[in-house]
Amino acid sequence: MGQKVSPFVLRIGYIKNWHSRWFAKPREFSRFIKEDYTIRQFIKNKFKHAAISKVIIERLAEKVRIRIFTARPGIIIGRHGADIESLRNELNNMVKKEVLIDIEEIKESMLDAQLVSENVALQLEKRVAFRRAIKRAIEQTMNMGAKGIKVVCSGRLGGAEMARQETFKQGKIPLSTLRADIDYGFTASLTTYGYIGIKVWIYKGDVLVKKGNVNTQAPAVDKLTA
C-alpha cells in the first residue's frame with residue numbers, strides 16, 4: 001500500500017471527504033488553496049486554547065462557508081456571540097466575500113486524534129514526563145470506546161542529547177484496510193530542548209458504505225449555527 005503517513009489521504013473518496021470542498025477554474029485554483037491555508041492558520045492562531053480539530057471550507061458562488069470542529073465552542077462564540085462576530089468580520093475582510101461560520105461541538109474529544117496529539121503536546125510543554133502523558137492519553141482514549149490507538153513521539157525525549165523515536169500502541173490499527181475508520185493527528189510541541197513531534201492514529205471501527213457513497217458526517221458532534 002506504499003508508505004502513506006496519513007490514513008485520511010488514503011481514504012478520501014471512500015469513507016472520508018475533502019476538508020476543502022469547492023471547484024475552481026485553473027486561474028483561481030492556486031489562490032483558493034492559499035486562501036484556505038491562510039484561513040485555517042488564522043483561526044488556529046486566534047483560538048489556540050479552543051481545542052480546534054479541523055476546519056472545513058466550502059465555497060458557494062460569492063459566499064464562503066466555514067465549519068469549525070471544536071471541543072470548546074464557548075471560547076470561539078464568546079460572550080453574547082461577540083468573538084464569533086469579530087471573527088466573521090475579520091474573515092470577510094480577508095477573503096473579500098460573505099463568510100458564514102458554523103461551530104460544531106466535538107463531544108468525545110479523546111476520540112479525536114488531532115485533539116489527543118495536542119493534549120499530549122501541551123503536557124510536554126508543561127514538563128510532564130512524555131511516557132506518563134502518552135500512557136494517560138492512551139488509557140483515556142481506550143476507555144472512550146476506541147478499538148486501537150498508536151502514538152509516535154519523536155525528538156529529544158526527556159532532554160536526551162540525541163533525538164530518537166518511540167512508539168506506543170494498544171489495540172489494533174489496520175492502516176491498509178480502507179473500510180477501517182482511522183483518525184490521524186499531528187502536533188509539534190516546542191519544549192526547552194527543541195521540537196518534539198507527536199503523531200496519533202485512532203481506530204474507531206469499520207465503516208460500511210455503498211459504492212459511490214462517501215461518509216461525510218463526523219461522529220459525535222453537535223451543530224451550533226452562528
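The figures here come from the full heavy-atom set of this structure, side chains too, leaving out hydrogens, waters and symmetry mates.
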Peer 1: Go through the structure and list residues passing salt bridge (Lys or Arg N to Asp or Glu O under 4.0 Å) with Arg179, not counting sequence neighbours.
Peer 2: Asp206
Peer 1: Taking the hydrophobic residues Ile, Leu, Val, Met, Phe, Trp and Tyr, and joining any pair whose side-chain heavy atoms are under 4.5 Å apart, which ones share a cluster with Val128?
Peer 2: none
Peer 1: Among all residues two or more places apart in sequence or in another chain, which pass the side chain to side chain donor-acceptor pair (under 3.5 Å) test with Lys46?
Peer 2: Glu90
Peer 1: Mind jotting down which residue pairs meet the ring-ring contact (aromatic ring centres under 6.0 Å, His included) criterion with at least one end in residues 146-185? Sequence neighbours excluded, please.
Peer 2: Tyr184-Trp201
Peer 1: According to ring pair (Phe, Tyr, Trp, His ring centres under 6.0 Å), who are the partners of Phe47, at least two apart in sequence or on a separate chain?
Peer 2: none
Peer 1: Mind jotting down which residue pairs meet the ring-ring contact (aromatic ring centres under 6.0 Å, His included) criterion with at least one end in residues 121-152? Sequence neighbours excluded, please.
Peer 2: none
Peer 1: My understanding is that only residues two or more places apart in sequence, or in another chain, count here; which of them pass side chain to side chain donor-acceptor pair (under 3.5 Å) with Glu85?
Peer 2: Arg88
Peer 1: I'd like to check the ring pair (Phe, Tyr, Trp, His ring centres under 6.0 Å) partners of Trp22; sequence neighbours left out, ordered by chain and number.
Peer 2: Phe29, Phe32
Peer 1: Checking Ser20 against Arg40: is there a side-chain donor and acceptor pair closer than 3.5 Å?
Peer 2: yes
Peer 1: Can you tell me which residue pairs pass the side chain to side chain donor-acceptor pair (under 3.5 Å) test with a partner in residues 157-169, sequence neighbours excluded?
Peer 2: Arg131-Glu166, Ser154-Gln165, Arg164-Glu166
Peer 1: How is the hydrophobic cluster of Tyr193 composed, in terms of its other members, when Ile, Leu, Val, Met, Phe, Trp and Tyr link through side-chain heavy atoms under 4.5 Å apart, directly or indirectly?
Peer 2: none
Peer 1: Please tabulate, for the side chains in residues 141-153, all donor-acceptor contacts under 3.5 angstrom to protein atoms that are two or more places apart in sequence or on a different chain.
Peer 2:
unit_1: Thr141; atom_1: OG1; unit_2: Met110; atom_2: O; d: 3.1
unit_1: Thr141; atom_1: OG1; unit_2: Ala137; atom_2: O; d: 2.9
unit_1: Asn143; atom_1: ND2; unit_2: Glu139; atom_2: O; d: 3.1

Peer 1: Could you work out, with side chain to side chain donor-acceptor pair (under 3.5 Å) as the rule, every residue matching Thr191, not counting sequence neighbours?
Peer 2: none
